[in-house]
Amino acid sequence: MTPRTTPPVAPPSAPRFDCTGIVVADMASSLAFYRRLGLDIPAEADGLPHVEHVLPNGLRLLWDTDATYRSFDPDTRLSTGPGRVTLGFACDGPAGVDALWAELAKAGYTGHKAPWDAVWGQRYAIVLDPDGNAVDLFAPLEAPSASMG
C-alpha cells in the first residue's frame, strides 16, 4: 500500500505596502497642494472623484473625495478636524526645507511647525495640506561624508 501524500501548501505571501490613501474634502485644492510639492498630477484630475499617482519608487498615493469614500463605507465617520496621516517629503538640503516652507506659507497653506534643526540630525518643518494632514519636510543637516578607502 502506498502512503497517501498531500501536496505541499504554498505559504501565503506577505502583504506588500503599496499605497497611501487620503480622503479629501476638495480634490482640486488637495491636488494643487501636492503639485507644489513636485508631484506631476494632470490638471484634468481636479474634477475626478478618485486619483492615483505612482511615485518613482513604485508606491502609489491615492486621493478619494468624501463622497467616493462614503460610497463604499457609508457609515464612516470622517474627521472634520486635522488629519491622522503624515506624509514625508525629502528636500534638497536644509535650505530646501526653508525655501519650500516659505513658498507654501506664502501660498496660504497652514504652517504647523516652522523649520528647525531636529535633534536627530535633520532640518525639519511641518505644514498641513488642505485637509489637515501633516506633511513633513526634511533634509539632513550635514551632507554625508565621502567614505575614504
Side-chain angles (χ1 to χ4, degrees), residues 10-149:
S13 61
R16 176 180 57 85
F17 182 67
D18 181 78
C19 62
T20 296
I22 304 171
V23 180
V24 302
D26 181 328
M27 184 67 78
S29 294
S30 185
L31 296 181
F33 174 83
Y34 287 97
R35 285 184 190 108
R36 287 184 170 273
L37 292 171
L39 300 185
D40 186 19
I41 305 164
E44 53 270 14
D46 288 359
L48 298 175
H50 173 82
V51 176
E52 295 190 17
H53 179 75
V54 179
L55 301 166
N57 61 6
L59 294 175
R60 295 176 303 137
L61 191 53
L62 317 175
W63 293 264
D64 286 298
T65 62
D66 291 347
T68 299
Y69 196 85
R70 284 193 171 100
S71 74
F72 58 84
D73 188 4
D75 297 324
T76 192
R77 298 176 97 184
L78 296 172
S79 172
T80 57
R84 297 181 59 120
V85 173
T86 299
L87 302 172
F89 284 77
C91 299
D92 290 333
V97 172
D98 294 353
L100 184 53
W101 166 267
E103 176 190 325
L104 293 170
K106 184 177 179 183
Y109 295 104
T110 303
H112 182 68
K113 190 157 172 77
W116 82 97
D117 292 343
V119 297
W120 55 86
Q122 291 179 319
R123 184 71 172 164
Y124 218 90
I126 303 170
V127 65
L128 302 181
D129 78 2
D131 292 286
N133 297 302
V135 176
D136 299 348
L137 311 174
F138 56 87
L141 283 172
E142 297 178 17
S145 59
S147 62
M148 298 167 63

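If you're wondering where the values come from, they're calculated on a predicted model, not measured in any experiment.
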Rounded distance [0.5 Å steps], CG in Leu39 versus CZ in Phe89: 4.5 Å
Those residues that, when tested against Ala45, pass side chain to side chain contact (heavy atoms under 4.5 Å, CB included) (two or more places apart): Leu31, Ile41, Leu48, Val51
Heavy-atom closest pair, residues Leu100 and Cys91: CD2-SG, 4.1 Å
Side chain to side chain contact (heavy atoms under 4.5 Å, CB included) partners of Leu62, counting only residues at least two apart: Cys19, His50, Glu52, Arg60
Pairwise distance CE(Met27) to OG1(Thr68) - rounded to 0.5 angstrom: 6.5 Å
Nearest non-hydrogen partners of Ser30 and Val24, listed with the distance: OG-CG1, 3.5 Å
Residues in ring pair (Phe, Tyr, Trp, His ring centres under 6.0 Å) contact with Tyr34, at least two apart in sequence or another chain: Trp63
Residues which pass side chain to side chain contact (heavy atoms under 4.5 Å, CB included) with Asp40, listed by chain and number, not counting sequence neighbours: none
Any donor-acceptor pair under 3.5 Å from Asp131 side chain to Asn133 backbone: no
Of all pairs that satisfy side-chain hydrogen bond (donor to acceptor under 3.5 Å, both in side chains), the ones with a partner from residues 93-114, not counting sequence neighbours: Arg36-Glu103, Asp98-Arg123
Smallest separation among heavy atoms of Pro130 and Ser29, with atom names: CG-O, 3.5 Å
Contact check, side chains of Leu87 and Leu37, non-hydrogen atoms, under 4.5 Å: no
Side chain to side chain contact (heavy atoms under 4.5 Å, CB included) partners of Asp92, counting only residues at least two apart: none
Minimal non-hydrogen separation, Val97 against Ala125, with atom names: CG1-CB, 3.9 Å
From Leu128 atom CG to Thr86 atom OG1, the distance as rounded to the nearest 0.5 Å: 9.5 Å
